[in-house]
Amino acid sequence: MSGQPDKDLNTVQTADGSLTLRDRKTNELYHNSGGALLEAVENYVKPARLEGLLQRRGRAKTSDSSCTPTVGEDLETGTTGGTMRARDDSTLRFLDVCFGLGYNTFAVWQHVLNAPYLPFDKIEATAIELDVELFKLWPTILRQECFRTLNDALRDQSGKSISENLEALARIGVPPKAVQFNYQAREGPPFVLNMKFADLREAVPMLAMEEPSSYDLIFHDPFSPRMMQQFWTVELFKDYFNLLRPDCGALLTYSAASAVRGGLIEAGFSIFRTKGVGVKNGGTLACRTGSTELVDGLIFNMFDEEVERLKTVSGIPYRDPSRLDSTKEVLKRREQEQKMFKANQSQSV
Ligand SMILES: C[S@@+](CC[C@H](N)C(=O)[O-])C[C@H]1O[C@@H](n2cnc3c(N)ncnc32)[C@H](O)[C@@H]1O
């Protein structure tokens, strides 16, 4: 296999000048046409509020009862078994699900590089992506002007930039299913990317067993719940809940669909609205802690009508108990649950 990005033909320029892809199967763009980078920044980087993250860890631990460790959870580490992760270190740890072209991770990294006052001593991303072929496009993404700071600053062990490093690897062939990339700026923390080329419905439950209560943030970015309901289920959201740190853990996604928010609430999350890019109802911030600070122009309470809608059939979530069901099966199960809900409602009137 050559290092040529054969998916280049499918690339589309978005309104902010950054490149995205069109998926051949669903015909969906990987990003909002308003901007691939813009979407990563507005939907994920800004509402992640990295500036206050370490303070939120400590504060929630003492003041928020929802941070009480669950049964069997280790008080020191916040884990229920599996890999023990030190709780009080200054590593920023996030999970990027459906890594795609890498915008969400790369935008976080660039934000950290642009904010040297951020107190992280290591930035560790774990990413899940099914399509290994996308690997060949990452150098093209990183060489864009919008990622110049990142690509100029970070180097691999031999001094190559990230794009050069990835290009060299792509010339060798496809990477293994699990691979770690390590980069370092001249000054500043190390940046680690643990890449898993896998189906998220297999990889996420496994990770939830191996690394519970370990992640500060999860970015959930699959194709839309209109097309791919099996990636927006209560079962998946419960795994996310377990993966997040009990004191500050939060999930971000672009979707504001009632079925999605209903599923997140059933999984234990508290829900807030984010600004979102190119969408009327914004995106969603789901906090493992019971509350979070609202931020002007960034983090909002849900509208009253959204809260009301969640109590109707619209708020009934997608379910996938076997984690193997097709889109059709997941949809059918929800329709049946909606029918039962309506029948119960008319009986109680
Ligand atoms: C909306 S795009 C993600 C955009 C990405 N976050 C970015 O910044 O480029 C959805 C991604 O989900 C991936 N995907 C589709 N099915 C998947 C699965 N079962 N497991 C993991 N990833 C999957 C696609 O290959 C695609 O890259």
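Side-chain atoms are counted along with the backbone in the values below, which use heavy atoms only and exclude waters and symmetry mates.
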Could you tell me whether the side chains of [X] and [Y] share a donor-acceptor contact shorter than 3.5 Å?
X	Y	value
Glu28	Ser224	yes
Thr292	Arg56	no
Gln230	Thr327	yes

Checklist entry - If you count the non-hydrogen atoms of other residues, nucleotides and ligands that lie under 6.0 Å from CE in Met340, is the total more than 12? => result no
Looking at residues at least two apart in the chain, or sitting in another chain, which of them share a side chain to side chain contact (heavy atoms under 4.5 Å, CB included) with [X]?
X	answer
Gln110	Asn114, Phe147, Thr149, Leu150
Phe181	Phe135, Trp138, Asn165, Leu166, Leu169, Val179, Tyr183, Leu193, Met195
Gln180	Asn182, Val192, Asn194

Next on the checklist: Just so I know, are the side chains of Leu130 and Leu200 near enough to count as touching, which here means a heavy-atom distance under 4.5 Å?
Outcome noted: no
Do you know which two heavy atoms are closest between [X] and [Y], and how far apart they sit?
X	Y	answer
Val108	Val45	N-CG2, 3.8 Å
Gly34	Thr14	C-CB, 4.4 Å
Tyr254	Pro222	OH-O, 2.7 Å

Show the atom names and distances, to 0.1 Å, of all donor-acceptor pairs under 3.5 Å that link a side chain in residues 296-310 to residues at least two apart or in another chain.
from, atom 1, to, atom 2, distance (Å)
Glu306, OE1, Phe303, N, 2.8
Glu306, OE2, Arg261, NH1, 2.8
Glu308, OE2, Lys311, NZ, 3.0

Item to check | Heavy-atom donor-acceptor pair, Arg155 side chain to Asp152 backbone, under 3.5 Å | outcome: yes
Checklist entry - Sequence neighbours excluded, which residues qualify as salt bridge (charged side-chain N to carboxylate O under 4.0 Å, His left out) partners of Asp325? => result Arg333
Checklist outcome for this item: Contacts of Tyr240 meeting ring-ring contact (aromatic ring centres under 6.0 Å, His included) (sequence neighbours excluded), chain-then-number -> His220
Checklist entry - Taking the six-membered ring of Phe241 as reference, does the NZ or CZ atom of Arg288 fall below 6.0 Å from its centre and within a 45° cone about the axis? => result yes
